[in-house]
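Below is one structure; the comments refer to it alone.
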2 protein chains.
Amino acid sequence: MDTETETLMNGQRLKPNQGLPSNSADGAIIYDSSHFQLRSRDRHVSYGSINGAVPLPENNREPEMPGRQSVTFRRLPPEMLTTLSSQFESLDYEPWESRVFKEEYSKKTPSSLTKQGVTRWIVVFFIGVCTALIACAIDICVVEITKLKYGFLKKYIDKCVTENCLYIPYLQWLGISCGFALIASLLVTYGEPVAAGSGIPLVKCYLNGINVHRLHRLKTLFVKAAGVTCSVLGGLAVGKEGPMVHSGAAVAAGLSQGKTTSLGFDFGILKEFRCDQEKRDFVTGGAAAGVAAAFGAPVGGVLFSLEEGSSFWNQNMTWRIFFCSMVSAFTLNVVLSAYHGQIGQLAYDGLLNFGKFPDIPFTLLELPIFIGMGIIGGLIGALFNQMNYHISVFRRRFIFSRWAKVLEVIVVCCVTVTAGFVMIYCVNDCKPLGAKDDIDFPIQMFCEDGQFNAVAAMWFQTPEASVRALFHDQPGTHNPLSVGLFFITYVFLACWTYGLSISSGIFIPALLSGAAWGRLVGLGLYRLTEGAAWADPGKYALIGAASQLGGIARVTLSLAVILIETTGNLSLGLGLMLTLLTAKLVGDCFNAGIYDMNVQLAGLPMLPWSSPPLCHGTQARDIMSKPVVVLKEVERVSTILSVLEETRHQGFPVIFEDRFAGPQGKQTSFGMLRGLILRSQLKILLKEKAFCSSPTGSASQPPVSLETFRMYYPRYPTFQGMHFTEEERSSYLDLRPYLNPTPYTVPLHASLPRTFQLFRALGLRHLIVTDDNNEVVGMITRKTLARYRARICCGTIDFVELPLGGHGVQL
Amino acid sequence: MDTETETLMNGQRLKPNQGLPSNSADGAIIYDSSHFQLRSRDRHVSYGSINGAVPLPENNREPEMPGRQSVTFRRLPPEMLTTLSSQFESLDYEPWESRVFKEEYSKKTPSSLTKQGVTRWIVVFFIGVCTALIACAIDICVVEITKLKYGFLKKYIDKCVTENCLYIPYLQWLGISCGFALIASLLVTYGEPVAAGSGIPLVKCYLNGINVHRLHRLKTLFVKAAGVTCSVLGGLAVGKEGPMVHSGAAVAAGLSQGKTTSLGFDFGILKEFRCDQEKRDFVTGGAAAGVAAAFGAPVGGVLFSLEEGSSFWNQNMTWRIFFCSMVSAFTLNVVLSAYHGQIGQLAYDGLLNFGKFPDIPFTLLELPIFIGMGIIGGLIGALFNQMNYHISVFRRRFIFSRWAKVLEVIVVCCVTVTAGFVMIYCVNDCKPLGAKDDIDFPIQMFCEDGQFNAVAAMWFQTPEASVRALFHDQPGTHNPLSVGLFFITYVFLACWTYGLSISSGIFIPALLSGAAWGRLVGLGLYRLTEGAAWADPGKYALIGAASQLGGIARVTLSLAVILIETTGNLSLGLGLMLTLLTAKLVGDCFNAGIYDMNVQLAGLPMLPWSSPPLCHGTQARDIMSKPVVVLKEVERVSTILSVLEETRHQGFPVIFEDRFAGPQGKQTSFGMLRGLILRSQLKILLKEKAFCSSPTGSASQPPVSLETFRMYYPRYPTFQGMHFTEEERSSYLDLRPYLNPTPYTVPLHASLPRTFQLFRALGLRHLIVTDDNNEVVGMITRKTLARYRARICCGTIDFVELPLGGHGVQL
């Protein structure tokens with residue numbers, strides 16, 4: 001983990017009477033010993049307490065506010081499960097308008113702008129193509145190797161049923177599955193832990209502005225793609241669709257930068273896109289392309305990116321993202337069509353093809369049934385999430401070493417295979433061979449000749465194929481008892497599996513278990529109505545699948561469109577929408593969606609869409625962190641070095657030289673605001689040794705160019721390898737050309753909602769709190785705002801303040 | 001027109017040596033006589049000129065910026081076509097966090113929040129239902145009366161063809177059509193001019209934050225609905241779908257407020273939603289419901305609202321808007337199914353049902369054809385928009401009296417009918433009666449028995465039915481020559497019609513003319529390939545229709561989804577998307593989409609998604625308006641009265657009493673910022689006579705409650721009927737409980753992009769420019785920012801500054 005992580009704990013590593021550099025007389029580091037006392041008792045509490053007595057700056061004329069009522073945020077104990085991780089930095093989504101930037105930008109010509117615009121479209125095109133190609137590769141691998149696996153097993157089962165040696169195919173099944181699961185687990189656990197899970201929560205956080213380390217590396221992409229292939233081949237209750245979102249995002253981040261850090265290769269192109277904001281827009285497109293490729297749903301991809309992924313949106317992005325999705329769906333379609341021997345046709349719509357539903361109209365009378373199923377889905381989803389939460393908590397407590405994680409995967413794999421085998425062995429659900437069209441490996445087991453075991457058919461194929469079977473099989477194909485048993489087993493397995501240290505998606509397991517209970521409902525209706533045309537079990541399986549996934553992931557609009565596009569059926573659209581919305585509303589009464597729950601468990605400081613309610617009485621001065629470490633416009637190199645070494649802040653307000661307030665007993669203001677400079681920029685300036693000898697700065701010296709800053713992006717120099725002579729240490733660094741002269745500020749008495757709104761809408765990283773004289777009094781960052789939460793439950797609101805902790809990502 | 005419109009022209013109506021109230025010694029009104037001189041020469045120029053010498057506040061330490069390069073904005077002459085209208089106020093999208101607000105808000109309980117949330121969903125439900133019912137009413141009226149009309153005409157034509165008296169049915173047709181057109185035109189011109197056109201540009205502007213007067217009144221809704229019915233019945237080249245967006249928006253605005261001003265009735269409910277921000281969110285939902293009802297496309301509705309309408313978006317809104325769209329589509333479906341005799345079925349999908357397309361797969365080889373058609377559509381669309389622009393300009397110059405507008409409608413109606421009649425008369429395109437299924441009124445004309453005139457079939461039905469015919473008729477049904485002739489005539493008519501003083505939509509005319517040329521392409525391919533299965537003229541008619549509408553309206557994603565939902569065909573989705581995106585990109589090379597062009601012509605100060613490029617050298621101080629009229633915390637009533645009477649500003653910065661800077665020769669700073677108060681709030685305080693006798697304010701007096709403020713929303717008291725005694729005039733008004741204590745500010749040297757970004761992302765109305773000491777130096781509003789435009793054309797950028805003009809809306 002990078003040690004240069006951002007933290008709000010001002011001067012956390014400063015100790016009152018030691019380590020303060022000799023240049024403290026310069027006043028560059030201002031601290032308040034009373035604060036350090038507080039901090040030494042509880043290293044995570046460094047804020048002025050809400051409702052507590054925060055001294056007002058003396059020169060601040062805070063208007064009297066009779067009866068200012070602020071809510072009380074209950075400070076949670078620094079437990080493992082309720083902390084915000086301090087390991088995550090923020091991204092710079094705000095354009096950095098330093099003088100250097102403006103000078104370079106003003107040299108741009110209209111034609112270079114046009115060129116940049118066209119390049120964006122070209123990059124987006126290739127993002128779509130590459131994402132689709134990865135999806136194709138995964139799909140083809142899975143399909144081909146699955147055929148080999150189950151073909152091999154079928155041969156032995158057919159042989160052993162008669163020879164009474166069924167333990168042999170069982171052990172073979174176990175061996176093959178565990179082998180794949182082991183590879184999947186090793187890849188993730190030892191290769192790239194950030195590739196675990198579906199990656200959707202992490203991409204969501206990235207788009208929200210959190211810098212998740214190694215999320216978009218080439219290595220991560222490889223581990224993700226290879227890992228999910230192995231997970232599916234291992235027969236685990238996982239899907240390969242969720243991880244496609246992460247893969248698409250990684251492809252986008254990589255392609256748009258024109259370089260790869262994993263291979264250490266720089267193509268020297270696309271340099272103008274090497275900043276967080278441009279990268280974010282491409283990643284949004286990549287995530288959409290991933291969904292589009294996974295489901296063959298270009299519109300669904302755009303909507304998923306919009307509804308679930310993105311935190312920032314604008315109209316121009318819509319069109320590019322749409323194009324990206326479209327190209328991705330096109331490419332996948334062309335390649336898969338060619339693979340299946342229909343070159344030039346556009347017949348294969350996605351990784352996941354649920355088969356075309358015929359037009360199934362529905363009547364008004366069915367609406368209550370759909371709503372009812374939505375309620376069931378919401379309830380099961382909420383229960384699923386709750387169970388998964390407790391499993392994750394258990395995992396966090398007891399399974400933290402790498403080998404234990406790998407072992408757990410093997411155990412789950414064994415349980416899955418055993419459950420499948422026991423069900424096939426015990427449930428003797430025999431159907432005639434003609435009852436089902438597209439069965440690849442009919443297992444006879446103890447059935448009579450000309451029949452096959454219907455339960456085995458559910459297990460002896462990819463989960464996608466099982467979903468398709470539940471959607472399209474004739475009413476008589478499945479025995480209600482075996483479907484019910486399958487549902488219970490599968491839900492339990494899926495819940496246990498999601499969160500293991502492998503690449504895995506929740507889409508298919510949710511759809512499959514939902515399709516199972518949905519089909520049960522359909523079968524019930526079919527029998528009740530004695531085979532009425534509308535009571536098609538396949539239709540109800542689809543509604544059930546939607547309802548279950550809606551209840552777990554709380555996705556509505558995009559999921560409805562994805563299912564419409566995947567099944568090629570529009571007539572059921574309204575029914576699906578109603579079910580999904582019901583499932584979401586019901587589920588939301590109990591807990592958060594599984595992705596949000598993951599984000600919360602990992603302590604990721606994601607900012608929601610709006611601030612906690614009823615908090616207008618809480619002001620910026622109640623939540624800001626102080627004291628603030630500030631720098632002067634022209635600052636001594638040694639001071640900068642010690643500030644960088646002794647704090648972990650990522651941004652430093654720069655103040656006017658002559659209004660610099662020296663250290664006093666109870667310091668409340670830290671000088672008049674001149675601008676803001678980032679740690680990364682300081683490090684580059686130090687690395688480039690852009691020093692001058694005079695404390696008034698130097699205009700003659702050519703400043704470090706924007707080109708140089710961009711060259712270092714996004715991995716900035718570290719202090720290792722930086723050596724400074726005594727002369728260099730005593731020279732000065734003129735920050736004026738590089739600082740952002742107009743950072744966003746809020747007044748001391750701005751309310752929490754207004755502060756939040758400003759921060760969230762503009763995607764800020766640092767928000768400086770100033771008093772009435774425009775002097776710096778505090779600092780607000782993402783973690784300041786993310787820690788104040790309101791939990792609405794049963795008509796009461798629980799206002800909580802999360803402590804900061806040090807744990808890393810565990811998704 | 002309300003005279004209290006917002007304007008930026010500071011002190012426009014102040015004259016240097018007269019009208020200044022006696023309390024000017026209080027310094028409440030600060031003005032700069034040099035500015036008035038400037039203004040008297042050119043009343044529209046009141047800003048510090050860009051690149052000109054704006055004096056810096058003396059106390060401001062602007063950091064030196066060597067070589068600050070700012071682009072030069074060419075100031076356009078105040079011509080009719082390039083001015084921004086000063087007639088439009090802005091909406092208050094920013095929550096007003098005054099002390100009164102905070103005190104009321106802090107009394108809220110969690111359960112009242114829950115209740116409010118549930119109420120929102122209920123309101124949204126009724127918005128969906130009501131929008132759909134209006135759509136049903138319009139549809140049923142149009143269908144029934146059209147049947148009567150053409151049935152009547154057919155009788156006479158059939159009779160007169162043999163009796164050689166065809167002038168009689170011609171005159172009858174003319175009479176009936178002109179009658180309806182006259183009603184449509186009178187309703188709009190004399191009833192409610194704001195109901196003219198499709199209303200989409202106006203709704204878009206409203207959602208952007210512009211207060212368009214009377215846009216959402218009950219009367220407007222009635223005129224819109226009745227007007228569009230009459231326009232369609234008048235046989236004009238208009239559609240009824242576009243106006244549904246406006247109708248939906250009006251329904252949403254009305255229902256969400258729980259009162260109607262037109263009828264003067266207040267239900268006393270939903271008071272918590274009576275603010276601009278809440279209303280906006282409902283209106284976004286209403287617009288989506290309108291599209292959903294018009295096209296039976298719930299997902300398309302959401303996407304249209306997102307892509308074309310909305311300027312602000314968040315995740316919670318997505319779900320409510322989705323629900324609203326869904327309810328609307330459901331209701332329409334249920335009602336229309338019942339109307340067509342299929343109670344309880346859900347068979348009718350929208351006002352516009354283009355009929356189900358069978359699955360038409362396409363091959364890779366067709367992609368170039370789709371792209372080619374996209375290019376053609378983009379070119380035709382750009383030409384159409386350009387023609388329409390010139391027609392609008394002509395109209396603006398020469399047709400401005402009401403009777404002339406009505407007369408023009410009649411002329412267009414006569415030309416339309418005559419064109420139709422001449423085509424039917426001259427083009428003898430006879431087809432056997434069995435060649436076409438759903439023809440209501442087959443006209444024989446000069447055809448032989450058992451045949452009908454195919455051209456007459458195109459004119460003797462609603463445009464929707466013609467589109468359906470072009471999509472679904474067998475290859476041999478239409479003669480290429482007559483389709484070509486029809487296309488040319490119809491495009492010309494549509495271009496002339498759009499912009500008339502009637503309610504009219506552009507969707508159907510664009511789709512119809514596009515379907516015509518698309519079918520021609522299809523027929524050509526059909527003949528070239530000698531009837532290959534893929535060369536289905538109906539399919540190409542659909543592609544052509546999409547391409548044409550894409551080229552005119554520049555809508556991509558939502559239109560693709562709407563067409564998918566309307567035709568019930570998913571397989572062509574990718575083809576449609578490709579065509580639409582091409583059409584948009586090609587069209588954008590030449591001019592703006594028709595809606596944006598309308599907005600520009602009307603001088604509406606809409607803020608685009610991003611600021612003009614390359615403007616980082618332009619600073620807030622270059623564009624801000626000054627001097628600023630400020631008030632003190634406790635201000636004399638007479639001063640407030642004269643400020644309100646003599647300026648037209650909508651917001652006034654409030655400054656600290658003791659830091660108030662008196663009038664000096666060259667004033668640059670106007671005191672230290674304390675807050676902001678709105679004109680509307682001042683008027684309510686005056687009306688409520690919330691005065692106190694002491695200049696230090698009064699804490700004992702109970703302040704005017706938020707309830708009272710809300711009671712006046714959105715029509716604030718006027719000075720008529722307000723009388724003040726001499727004693728009242730000399731008393732004081734304590735503004736402190738009512739002002740917004742933390743208005744957003746920017747520093748003087750903030751760049752234009754940063755200023756724009758802050759303003760746009762937060763939906764601000766007033767942005768105060770402060771110097772380094774937090775003193776007020778200038779003001780930035782919507783019109784300040786909207787006037788700076790960059791037109792990119794042929795590799796060069798033309799930076800222009802629009803002047804402000806006084807013209808009103810003309811869409």
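Naming: A, B, ... by sequence-line order, numbering from 1 per chain. Values below: all heavy atoms of this structure, side chains included; hydrogens, waters and symmetry mates excluded.
Taking the side chain as every heavy atom from C-beta outward, F322(A) and L580(B) never approach each other to under 4.5 Å. By the 4.5 Å heavy-atom criterion applied to side chains, L557(B) and T318(A) are counted as neighbours. By the 4.5 Å heavy-atom criterion applied to side chains, L673(A) and D772(B) are not counted as neighbours. The shortest distance between side-chain heavy atoms of N773(B) and M672(A) falls below 4.5 Å.
Applying the side chain to side chain contact (heavy atoms under 4.5 Å, CB included) criterion to S611(B), with sequence neighbours excluded, gives P753(B), F756(B). Among residues two or more places apart in sequence or in another chain, the salt bridge (Lys or Arg N to Asp or Glu O under 4.0 Å) test is passed with K584(B) by D588(B).
Shown here for L574(A) and N333(B), the closest heavy-atom pair between the two residues is CD1-ND2, 4.3 Å. In this structure, A750(B) and T742(A) approach most closely via the heavy-atom pair CA-CG2, 3.5 Å. Of all heavy-atom pairs spanning M326(A) and M577(B), the tightest one is SD-CB, 3.1 Å.
One finds the OG atom of S98(B) at 10.0 Å from the NE2 atom of H616(A) (value rounded to the nearest 0.5 Å). Considering CG of L758(A) and CG of L758(B), their distance stands at 6.5 Å, rounded to 0.5 Å. In this structure, E307(A) CD and L306(B) CG are separated by 11.5 Å, a value rounded to the nearest 0.5 Å. Atom NZ of residue K107(B) and atom CG of residue L614(A) lie 13.5 Å apart, to the nearest 0.5 angstrom. Residue I564(B) holds its CD1 atom at 10.0 Å from CD1 of I564(A), rounded to the nearest 0.5 Å. Rounded to the nearest 0.5 angstrom, L762(B) CG and L762(A) CG are separated by 5.0 Å.
Residue contact with chain A, scored on non-hydrogen atoms closer than 4.5 Å, involves the backbone and the side chain of L578(B) alike. With a threshold of 4.5 angstrom between heavy atoms, S751(B) approaches chain A through its backbone and through its side chain. Heavy atoms closer than 4.5 Å to chain A are found in the side chain of V302(B), but not in its backbone. Contact of L585(B) with chain A is made through the side chain alone, with heavy-atom distances under 4.5 Å. Heavy atoms closer than 4.5 Å to chain A are found nowhere in R320(B), neither backbone nor side chain. If you measure heavy-atom distances from Y744(A) to chain B, the contacts under 4.5 Å come from both the backbone and the side chain. L303(A) touches chain B through its side chain: at least one heavy atom from C-beta onward sits under 4.5 Å away, while N, CA, C and O do not.
In this structure, K108(A) places its NZ atom where more than 12 heavy-atom neighbours from other residues, nucleotides or ligands lie under 6.0 Å away.
Ranked by non-hydrogen atom pairs under 4.5 Å with chain B, the options E94(A), Q757(A), E308(A) are led by Q757(A).
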Next item on the list: Check step by step if side-chain contact (heavy atoms from CB on, under 4.5 Å) holds for L367(A) and F330(B).
Entry: CA-CA 11 Å; L367(A) 293 190; F330(B) 251 127; 3.5 Å; yes
